[in-house]
Amino acid sequence: MKILVINGPNINMLGIREKDIYGKNSYNDLIKKVQSFAKENNLDVNFFQSNYEGAIVEEIQNALGRYDGIIINPAAYTHTSIAILDALKAVNIETVEVHLSDIDKRESFRKKSYVSLFATKIIKGHGFDGYIEALKYFLNKGF
C-alpha cells in the first residue's frame, strides 16, 4: 500500500513555533515516527511538505494513479483553500485529514475546514500520533 503524507505551511517549523500548541519535536521527528510505523507494517510512505498552495495542489494531482491513500495536514490552508479541496476531489484518492492540535478548540476562524468536505476521516488534536492513527485507518481498509 502506497500512502502520500502531505504537510502544509509551517509544519517544517515544528519544534520551533508555538511549542505550547505543537510540542517540542521537529518535523524530522515526525517523519521518523511515521517511517518507523510504516516500515513495521510494510507500508510505502512518501512525504511532501510545502509552504505554497500551488505546490500542494500539484503534488495532489501527481498522486493520481500512484497512491492508494493520502494523509494531509493542510495547516493554515485548511481554512482557506478551495483549490486543495478541488484537487483532492479531482484525483478522488481516499484521504485522511490530520491536525496536530484540536482546531475546534482554537480561534473561531480555524473551525472551518474545506478539506473536511472530502476527507473520509478527520483526526484532530492527537499530535504526531494522529498520523499513526491515519496509517492504521488505511491498514484496516486493506487496499
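Keep in mind that the numbers below use all heavy atoms, side chains included, and drop hydrogens, waters and symmetry copies. The model shown is predicted, which means the values in this text are computed figures rather than measured ones.
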> May I ask you to check if Lys112 and Tyr114 form a cation-pi contact, with NZ or CZ under 6.0 angstrom from the six-membered ring centre and within 45° of the axis?
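Yes - Lys112 lies over the ring of Tyr114, closer than 6.0 Å to its centre and within 45° of its axis.
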> Taking the six-membered ring of Phe118 as reference, does the cationic atom of Lys89 (NZ for Lys, CZ for Arg) lie under 6.0 Å from its centre and within 45° of its axis?
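Not satisfied by the 6.0 Å and 45° rule.
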> Measure the spacing between CD of Glu53 and CD1 of Ile82 and express it to the nearest 0.5 Å.
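Answer rounded to 0.5 Å: 9.5 Å.
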> Determine, step by step, whether Val5 and Asn46 satisfy the side chain to side chain contact (heavy atoms under 4.5 Å, CB included) criterion, reporting the C-alpha distance in whole Å, the side-chain angles of both residues, the deciding distance to 0.1 Å, and the verdict.
CA-CA 6 Å; Val5 178; Asn46 292 307; over 6 Å; no
> Give the C-alpha distance, both sets of side-chain angles, the deciding distance and a yes or no for side chain to side chain contact (heavy atoms under 4.5 Å, CB included) between Tyr27 and Ile31.
CA-CA 6 Å; Tyr27 181 62; Ile31 290 172; 3.3 Å; yes
> Would you say Leu14 and Phe128 make side-chain contact, with heavy atoms under 4.5 Å?
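With C-beta onward as the side chain, the pair touches.
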> Using a 4.5 Å cut-off on heavy atoms from C-beta on, say whether the side chain of Tyr131 contacts that of Asn7.
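SC-SC contact between Asn7 and Tyr131 confirmed.
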> Look at the side chain of Thr120 and the backbone N and O of Thr95, then say whether any donor-acceptor pair between them is shorter than 3.5 Å.
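Between the backbone of Thr95 and the side chain of Thr120 there is a qualifying donor-acceptor contact (under 3.5 Å).
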> Please say yes or no: joined through hydrophobic side-chain contacts below 4.5 Å, possibly via intermediate residues, are Val98 and Ile6 part of one cluster?
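As far as the 4.5 Å side-chain criterion goes, Ile6 and Val98 are not connected within one cluster.
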> Classify the side-chain pair Asp44/Tyr67 by whether it contains a donor and acceptor separated by less than 3.5 Å.
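Tyr67 and Asp44 do not have a side-chain donor-acceptor pair below 3.5 Å.
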> What are the two closest heavy atoms between Ala134 and Ile123, and how far apart are they?
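Looking at all heavy atoms of both residues, the closest pair is N-CD1, 3.6 Å.
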> Taking it one step at a time, do Asp68 and Ile93 satisfy side chain to side chain contact (heavy atoms under 4.5 Å, CB included)?
CA-CA 7 Å; Asp68 301 302; Ile93 299 169; over 6 Å; no
> Rounded to the nearest 0.5 Å, what separates atom OG in Ser26 from atom CE in Met13?
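Answer for the OG-CE pair, Ser26 versus Met13, is 11.5 Å.
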> Going by atom types alone, do Gln49 and Asn51 pair a side-chain donor with an acceptor below 3.5 Å?
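Note: Gln49 and Asn51 side chains meet the donor-acceptor criterion.
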> If you take all heavy atoms of Ile60 and Val91, which pair is closest and at what distance?
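So the two residues come closest at O-CG1, 3.4 Å.
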> Are any of the side-chain nitrogens in Glu97 or Lys121 under 4.0 Å away from the carboxylate oxygens of its partner?
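A salt bridge is absent here (no side-chain N lies under 4.0 Å from a carboxylate O).
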> Looking only at non-hydrogen atoms, find the nearest pair between Ser116 and Ile122 and report the distance.
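Closest approach of Ser116 to Ile122: OG-CD1, 3.4 Å.
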> Out of curiosity, Asn62 CG to Glu58 CD, how far, rounded to the nearest 0.5 Å?
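Going from the CG atom of Asn62 to the CD atom of Glu58 covers 7.0 Å.
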> If you measure from the Lys or Arg side-chain nitrogens to the Asp or Glu carboxylate oxygens, is any gap between Lys33 and Asp129 under 4.0 Å?
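So Lys33 pairs with Asp129 through a salt bridge.
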> Does any donor atom in the side chain of Tyr137 or Glu94 lie under 3.5 Å from an acceptor atom in the other side chain?
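The answer is yes; a qualifying pair exists.
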> If you look at every heavy atom in Ile70 and Ala63, which pair is closest and at what distance?
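Smallest interatomic distance, heavy atoms only, reads CD1-CB, 4.3 Å.
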> Using a 3.5 Å distance criterion without hydrogens, assess whether the side chain of Asn41 forms a donor-acceptor pair with backbone atoms of Leu43.
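Answer holds: no.
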> Do you know the tightest heavy-atom contact between Pro74 and Val115?
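Residues Pro74 and Val115, closest heavy atoms: CG-CG2, 3.7 Å.
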> Grouping I, L, V, M, F, W and Y whenever their side-chain heavy atoms are under 4.5 Å apart, do Ile11 and Leu88 come out in a common cluster?
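No, no single cluster joins them.
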> Do the side chains of Val96 and Ile72 get nearer than 4.5 Å, heavy atoms only?
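In short, these two side chains do not touch, never coming nearer than 4.5 Å.
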> Of all heavy-atom pairs between Tyr52 and Ser50, which one has the smallest distance, and what is that distance?
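Nearest heavy atoms, Tyr52 then Ser50: N-OG, 3.0 Å.
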> Is there a donor-acceptor contact under 3.5 Å from the side chain of Asp29 to the main chain of Asn25?
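No, the answer is negative, given that no donor and acceptor are paired below the 3.5 Å cut-off.
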> Contact between Ile56 and Phe48 at the side-chain level, heavy atoms closer than 4.5 Å - yes or no?
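Yes, side chains in contact.
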> Transitively linked via ILVMFWY side-chain contacts under 4.5 Å: Leu64 with Met1?
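They do not share one cluster, since no chain of ILVMFWY contacts under 4.5 Å joins Leu64 to Met1.
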> Would you mind reporting whether Lys32 and Ser36 have side-chain heavy atoms less than 4.5 Å apart?
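No, every pair of side-chain atoms sits at 4.5 Å or beyond.
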> Do the non-hydrogen side-chain atoms of Tyr77 and Thr80 ever get within less than 4.5 Å of each other?
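SC-SC contact between Tyr77 and Thr80 confirmed.
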> Please lay out, stage by stage, how Glu59 and Leu4 fare under the test side chain to side chain contact (heavy atoms under 4.5 Å, CB included).
CA-CA 9 Å; Glu59 189 68 16; Leu4 175 61; 4.0 Å; yes
